[in-house]
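Order of the sequence lines sets the chain letters (A, B, ...), proteins ahead of strands, with each chain counted from 1.
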Number of protein chains: 2
Amino acid sequence: MSRKNNIYPNKEGCPVEFTLDVIGGKWKGILFYHMIDGKKRFNEFRKICPSITQRMLTLQLRELEADGIVHREVYHQVPPKVEYSLTEFGRTLEPIVLQMKEWGDANREALEARRSNSLLKEQQK
Amino acid sequence: MSRKNNIYPNKEGCPVEFTLDVIGGKWKGILFYHMIDGKKRFNEFRKICPSITQRMLTLQLRELEADGIVHREVYHQVPPKVEYSLTEFGRTLEPIVLQMKEWGDANREALEARRSNSLLKEQQK
DNA sequence: CTGCATCCTGTGGGATACTG
DNA sequence: CAGTATCCCACAGGATGCAG
């Protein structure tokens, strides 16, 4: 997902992979989703997903920012305050993310059952 | 992306992340996309994306199969022949993948320009 | 509060060789 | 043709500490 050392990724030029490179990062989906209904602050994200580390939160937000998906508004005050919001460009991804949410809602339960099932089979060997 | 050692991933239960876990693997998008217009054989995939290794191709296809997204049809003959196709369940992801393709087509050029631009700035420091 | 720097570990994933 | 099996290491990503 990092691309610094990967100036010409996706040699085959697959547009699907390209989109996934933008939004498919480990936490980008959930971060994006929670910005749909408005700007969020750094620690709000931490509350939403407690298992993300500070480091990863920063990194993922910075990648989204570098791709022009999110806007980072810094308030120079004490204590500092930073707000993240979707850019107009980022909004063009909104329908895709919303569809992913719907699909996830509709299918997670069934799929998790299937997964733990195949796990059982593996362990029975 | 691997889930074997991760029975309860996505503790926060974010459906977006869940969908990404299913289709967001490094090669799953492109593999899925090329199955939309019909079944594909192992080596067809290798021609489509020459930079994927056999190992990764196998692993990614197996995960898609384990999630019930693709069907794996084995013909017991010499030489062997295996065909991969989308299941009915897998087809429910089709609109999402197609949208990702469209978005990628529409925005890749601009985004790659932006990326190499920020790379230049970094190097000038 | 919102980060960045550093260190360290686990593992994703490449290269290569072998097989039904 | 369509895979396994091994080896191996770069890098993703966690933990911790410091800073504006």
On a heavy-atom basis, the closest approach of Asp67(A) and Phe89(A) is O-CE2, 3.5 Å

Compare the minimum distances between each of dC4(C), dC1(C), dG13(C) and the side chain of Thr58(A), then state the nucleotide with the smallest one.
-> dC4(C)

Hey, which of these two, Pro80(B) or Pro80(A), hits DNA chain D nearer its 5' end, going by closest nucleotide?
-> Pro80(B)

Using atom CG of Leu57(A) as one end and atom P of dA15(D) as the other, report the distance to the nearest whole Å.
-> 14 Å

Find the distance Arg72(B):CZ to dG3(D):P and express it as a whole number of Å.
-> 5 Å

May I ask you to decide if the ring planes of Trp103(A) and Phe18(B) are parallel, tilted or perpendicular, using 30° and 60° as cut-offs?
-> parallel

Under 4.0 angstrom, heavy atoms only, what part of the nucleic acid is Tyr84(A) near: base, sugar-phosphate, or nothing?
-> sugar-phosphate

Between dG12(C) (P) and Met56(B) (CE): distance, integer Å = 9 Å

Does a side-chain N or O from Arg41(B) land closer than 4.0 Å to OP1 or OP2 of dC1(D), or not?
-> no

Look at all strands and tell whether Tyr75(B) reaches a base, only sugar-phosphate, or nothing, counting heavy atoms closer than 4.0 Å.
-> nothing

Reckon Arg46(B) touches a base, only the sugar-phosphate, or nothing at all at heavy-atom distances under 4.0 Å?
-> nothing

Check every atom of dC1(C), dG14(C), dG3(D) against the side chain of Arg55(B) and return the nucleotide holding the closest atom.
-> dG14(C)

Lys26(A) side-chain proximity, nearest of dG14(C), dG3(D), dG14(D) = dG14(D)

Between CD of Gln54(B) and C1' of dT4(D) the distance, given in whole Å, is 9 Å

Shortest side-chain distance from Asn43(A), nucleotide among dC4(C), dC1(C), dG14(C) | dC1(C)

dG3(D) P sits how many Å from Leu61(B) CG, rounded?
-> 8 Å

Between dC1(D), dG3(D), dG14(C), which nucleotide has the shortest distance from any of its atoms to the side chain of Pro79(B)?
-> dC1(D)

Glu83(A) atom CD is separated from dC1(C) atom P, nearest whole Å, by 15 Å

Rounded to the nearest angstrom, tell me the gap between atom CD in Gln77(B) and atom P in dA2(D).
-> 10 Å

Rounded distance in Å - CG (Leu59(A)) to C1' (dA12(D)) | 10 Å

Give a yes or no on this: more than 12 heavy atoms of other residues, nucleotides or ligands lie within 6.0 Å of atom OH of Tyr33(B).
-> no

What do the steps show when you test Arg91(A) against Glu88(A) for salt bridge (charged side-chain N to carboxylate O under 4.0 Å, His left out), and what is the final call?
-> CA-CA 5 Å; Arg91(A) 290 281 175 188; Glu88(A) 202 171 327; over 6 Å; no

Lys81(B) to Tyr75(B), cation-pi by 6.0 Å centre distance and 45° axis angle = yes

